[in-house]
Structure formats: structure tokens, C-alpha cells
Student: 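Got a structure here, written out as C-alpha cells. Questions coming.
Predicted model only: the values in this text are computed from it and were never measured. Proteins get letters first, then strands, A, B, ... in listed order; numbering begins at 1 in each.
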Amino acid sequence: MIKQDPCAPAGKADAPRAARRVVAHVDLDAFFTSVEQLLNPALAGQPVVVGGAANQRGVVASASYEARARGVYVPMPLVRAYRVCPEAHFLPGRHSLYSDFSRRVFEVINRFSPTVERASIDEGYLDWTAEQCGTHQPVTARHGAALPVHWPLALAESLRLAVLAETGLSVSVGIGANRLVAKIASKHCKPRGICHVATGAERAFLRPLPLAVVPGIGKRATEVLAANSLVRFADAQDTDDATLARCLGDEWARRLRRIANGEGRVELSPHEAPKGISNESTFRQDCRDLDTVRRTLYRLVEKAAWRLRRAGLVTGSVAVKLRTADFRTRTHTRTLGYHSDCHAELYRVAAQLFEDFAPRHQAIRLIGVQLANLAPATGCQLLLFDSDRRAVNQQVDRLLDRVRAQHGFSGIATAAGLHAARRPVRGG
DNA sequence: TCTGGGGTCCTAGGACCC
DNA sequence: TCTGGGGTCCTAGGACCC
Ligand SMILES: [Mg+2]
Ligand SMILES: [Mg+2]
């Protein structure tokens, strides 16, 4: 742990200038429902649920604070949310709209630090270490404020106000000596909050909080811990390593010990290329008609391959995911042995995988496709294979992509190869 | 009570190779 | 004659996050 005063003159000649680290975590408050309330003022102050119609299959993706006050939570099944709160407005999600708002929010956030990590559509980390000593032209200076004693709070407040003024959305900001403390702090002060955990105060701050606030400690781990009377950080702080290890295994026991001591990673990571692309769909009712399932799979492969090409990537493996009426989920994977972004090729493999394990008696609840082992599309893989056929298939994809660029993915429907692919096909 | 859809990461067994 | 030991790839499944 770094304890020295960052503003003191450097001590030893070759010691790095070890500034006390400051990380901020910014998280949008009830993001999806806030966007809907912003765009439709009639929803302001009302219980709103985003996720689908009240009688649909699915779960709550976002609930306004008015809905949460009535007992709705994420991810509650929609039909149950309706039972708990029938007066709520149930809305389907509009994800491209939320992506646009997210991008605008991050345009504001990016002005508040040169080092920002976008962790998801609704949250990000900022490195504020440089703000305290006037190194690296701190953002504080650009905003015309002298450095007050509680500069992190002042800076967080100006960020909150800027996001609110420029996007209409509310964020909460947590500030601490590492990422995890900052994230737990932002959650702790929601909504419309700011929380700064002073260096050295971490153990005391965490002590009364439930262990379940730790990202990575989910339903299962929380149950195991609770069965051993470990519910709050205080319980973990006051128990021995062996008990933690019995609950969580060695790796997570060590990790939780460090977290409970207020230690944690500081570095922000740059944007990374996606490791997988997947699309799946749950039927409104369990489906017994295999042709319907095949058509759905065909469409899902089209969508996934389209997203793959738009990202400039090719895939090295195809998996088909299938969930039966009993909620049992199975995945069958095939490594291609080559890379492809070509719909016809990928669907041929997906269709074969599906035929291999299509259930004979059970109805199907969900079908999906997953592409993994992604690599940049360099255009040099096609030499090894049936390059004529691939060239034709690629031209088809490119032609359709041009229509999709104009009208979106749903702007065009195709069926080429849907039935041809039904018979078992050998080899790749 | 009924359990979405987009992801990441981890584990573990068997194949295969040296 | 009872039986190596890694390392890596492939596959399946599960916990977890937003
Ligand atoms: Mg949020
Ligand atoms: Mg979040």
C-alpha cells in the first residue's frame, strides 16, 4: 500500500514518483429506464420496467427507482414483476438507443481524465491520480478551480452535473484508492450520489457491507459464505484464511482477503477486441417444430456473421446452444480448423451441429449460435479451401451487407442454403 | 415464481504429442 | 507388467457481470 504524501519532494533518487492512486468509478443510475423516462416525460416519476411486455417470457433488464420501491428488482421474471407492480409501464428494450446515449455520456466522461476505461454500456473507470499534484495538466485546472481539500468530491460533482446537463442522465460516482473500492463506493451511494473512500479508511468503509457487493461473489458464492456465517465484510475480516478457503477455494479466498483489506488493482485497461460473438433467441412458447428452429438458427447465424464482418473479424469455431423445455442447456462446439466470416460456411457447420443433438422428444425453449476464437480478417485464409465457392459466398455476403448498411439487419431476409444445409455434410 | 441476451473467465477430462 | 509426466488443444459446463 502506498502511504507517502504524493506531494512531498521525491526522496530516494531513483524512487518512482509514487503518487497516491485515485480511481473513480462512474455508473449510470437505472440507465435503460432513465433513457425511456427522459424521452417520454409522461413516464417521469412513474414505475417503469424495461425488458418486455408484462406477459412475455423474460426478465427485468432495468427498473426505475419507483418500480424498485415497489419490490421490482433486476433480473426478476417479467410475469412476477407484473404481479408485484401491475401499475408499472412495461417496455421492450431499445438497445441501439441506449448505445447512443452511452456514447454521448462517455464523450463527457472522457473530458474528465485522459485515462478512461469503459467497463460496460453503463459504467467506466477514470484515473484521477494526476489530479492531486498538478502533474499532467490536471482536469481540475482546466475547469478553473483551485485544488480544494476535498477535490475528489468537487471534481465528481462537476462530472455529475456535466453529464446531467449534456445528456439528461444521472450518474453516481465512487472514488477510492483502487478500482474495486471505487466500484463498491459508487454502488453504495446510488442513486445521484458521490462517495469518496479516503486512503486508509477502506477496511472501515467495507466492514458493514454485505460480501455480495464484491463483483465475482454471486448467488452461489453468497450462499456458501452465508452457510458459514460469513455475510458481511466484518465476518470475513474477523475469520481465518482456512475458513475462507473452505468456502471459496484457495484462489478466491486469497482474493477476498486482499479485497477485505482494501487492496486491489489500480491500472485501467485499454479497449480490447471481442473474444466471442453470439446470438440466441428464446421462443415465446416452447417449440416442437424443428423446421422453425432451423429457420431461427439460420437467422441467428446471419446476424452473428454480419456482426463479425462489421467488426472486421473472422471466427475459428462455431457452437450451437440449445435449451429444452426442462431448462437444461447444452452446447455443441466445432473448431473449424480454418477461419471464416462467411454466412454460408458458418451455417453449414451450425446446421450440422444442430442435427447432431436436436432433441427427439422434448420441446425446444432456446436456440443460439456462438462464434469464438476470433481473429482479425486479413483476407489471406481463403487460399487453402474451395476458393471458388467461397468467393461466390463472400460476394453474396457483401451484397447483402450493403443493403443492411442502408436498412439495418432486419431490412433484408434471405433463405439461400437453408434447406440444402439440412442433409449431413462431411468435412469443412 | 419462472427463469433474456450480450458477454468474460474458470475448471476439468480426454486426446495427442514429446 | 501393471502403468511417466508435462504441455497444449478441444470440448462441455458453470459461475458470474451488466
Ligand atoms: Mg448502472
Ligand atoms: Mg453498472
Student: Specify the separation, in whole Å, of atom CE of Met76(A) and atom P of dC18(C).
Tutor: 19 Å
Student: Parallel under 30°, tilted from 30 to 60°, perpendicular over 60°: which one fits the rings of His332(A) and Phe357(A)?
Tutor: parallel
Student: Round to the nearest Å and state the distance from Leu366(A) atom CG to dC2(B) atom P.
Tutor: 19 Å
Student: Rounded to whole angstroms, how far apart are CZ on Arg323(A) and C1' on dG5(B)?
Tutor: 10 Å
Student: If we ignore angles and hydrogens, is there a donor and acceptor under 3.5 Å between the side chains of Ser281(A) and Arg299(A)?
Tutor: no
Student: Looking at Arg390(A) and Glu345(A), is there a salt bridge between them, counting it only when a charged N and a carboxylate O are closer than 4.0 Å?
Tutor: yes
Student: Looking at Asn279(A), I'd like to know whether one of its side-chain N or O atoms comes within less than 4.0 Å of OP1 or OP2 on dG5(B).
Tutor: no
Student: Going by atom types only, do Tyr125(A) and Glu267(A) share a side-chain donor-acceptor pair under 3.5 Å?
Tutor: no
Student: Heavy atoms only, 4.0 Å cut-off, all strands: where does Val59(A) land among base, sugar-phosphate and nothing?
Tutor: base
Student: Select one nucleotide: of dG4(B), dG6(B), dC16(C), the one nearest the side-chain heavy atoms of Phe327(A).
Tutor: dG4(B)
Student: Contact class for Val214(A) (heavy atom, under 4.0 Å): base, sugar-phosphate, or nothing?
Tutor: sugar-phosphate
Student: With sugar-phosphate meaning primed atoms plus P, OP1 and OP2, does His95(A) contact a base, only sugar-phosphate, or nothing at under 4.0 Å between heavy atoms?
Tutor: nothing
Student: Quick one: does Arg103(A)'s side chain get under 4.5 Å of Glu107(A)'s, heavy atoms only?
Tutor: yes
Student: Should Arg365(A) be listed as having a side-chain N or O under 4.0 Å from OP1 or OP2 of dG4(B)?
Tutor: yes
Student: Within 45° of the ring axis of Tyr298(A) and under 6.0 Å from its six-membered ring centre, is that where the NZ or CZ of Arg295(A) lies?
Tutor: no
Student: Please pick, from dG4(B), dC18(C), dG6(B), the nucleotide with the shortest atom-to-atom distance to any side-chain atom of Ser278(A).
Tutor: dG6(B)
Student: Report the distance from atom NZ of Lys219(A) to atom C1' of dC18(C), rounded to the nearest whole Å.
Tutor: 18 Å
Student: With nearest nucleotides of DNA chain B determined for Leu300(A) and Gln56(A) from heavy-atom distances, which residue corresponds to the more 5′ nucleotide?
Tutor: Gln56(A)
Student: Reckon Ser281(A) touches a base, only the sugar-phosphate, or nothing at all at heavy-atom distances under 4.0 Å?
Tutor: sugar-phosphate
Student: For dC16(C) and dG4(B), measure between their C1' atoms and round to the nearest Å.
Tutor: 15 Å
Student: Could you state the atom-to-atom distance from CD1 of Ile184(A) to P of dC18(C) in whole Å?
Tutor: 11 Å
Student: From the set dC18(C), dC16(C), dC2(B), return the single nucleotide nearest to any side-chain atom of Ser120(A).
Tutor: dC18(C)
Student: Between Arg365(A) and Thr329(A), is any side-chain donor less than 3.5 angstrom from a side-chain acceptor?
Tutor: no
Student: Could you tell me the separation between the CZ atom of Phe31(A) and the C1' atom of dC18(C), rounded to a whole number of Å?
Tutor: 11 Å
Student: For Glu117(A) and dC18(C), give me the distance from atom CD to atom C1', rounded to whole Å.
Tutor: 14 Å
Student: Give Ala319(A) one of three labels, base, sugar-phosphate or nothing, depending on what nucleic acid heavy atoms sit under 4.0 Å from its own.
Tutor: nothing
Student: Please tabulate, one pair per line, each protein N/O and nucleotide N/O from nucleotides 8-15 of chain B that are separated by under 3.5 Å, including the distance.
Tutor:
| from | atom 1 | to | atom 2 | distance (Å) |
| --- | --- | --- | --- | --- |
| dT8(B) | OP1 | Lys275(A) | N | 2.8 |
| dT8(B) | OP2 | Gly276(A) | N | 3.4 |

Student: Calculate the interatomic distance between Ile259(A) atom CD1 and dC16(C) atom P; express it in whole Å.
Tutor: 13 Å
Student: Identify whether any heavy atom of Leu78(A) sits under 4.0 Å from a base atom; if not, whether one sits that close to sugar-phosphate; answer base, sugar-phosphate or nothing.
Tutor: nothing
Student: What interatomic distance, in whole Å, is found between C1' of dT3(B) and the corresponding atom of dA15(C)?
Tutor: 16 Å
Student: Rounded to the nearest 0.5 Å, how far apart are CZ of Arg94(A) and CG of Asp100(A)?
Tutor: 11.0 Å
Student: dC17(C) phosphate, OP1 or OP2: any side-chain N/O from Lys187(A) under 4.0 angstrom?
Tutor: no
Student: Using a 3.5 Å limit on both distances, find every run of at least three consecutive Watson-Crick or G-U pairs that involves DNA chain B.
Tutor: B:5-18 with C:5-18
Student: Does any donor atom in the side chain of Thr414(A) or Glu302(A) lie under 3.5 Å from an acceptor atom in the other side chain?
Tutor: yes
Student: Classify the nucleic acid contact of Lys321(A) as base, sugar-phosphate or nothing, counting any heavy atom under 4.0 Å across all strands shown.
Tutor: nothing
Student: Answer with base, sugar-phosphate or nothing: what part of the nucleic acid does Arg80(A) contact at a heavy-atom distance below 4.0 Å?
Tutor: base
Student: Show me the side-chain donor-acceptor pairs of residues 70-77 of chain A shorter than 3.5 Å, one per line, residues at least two apart or across chains.
Tutor:
| from | atom 1 | to | atom 2 | distance (Å) |
| --- | --- | --- | --- | --- |
| Arg70(A) | NE | Glu87(A) | OE2 | 2.8 |
| Arg70(A) | NH1 | Glu66(A) | O | 3.0 |
| Tyr73(A) | OH | Arg80(A) | NH1 | 3.3 |

Student: Between Ser172(A) and Asp29(A), do the side chains contain a donor N or O and an acceptor N or O under 3.5 Å apart?
Tutor: yes
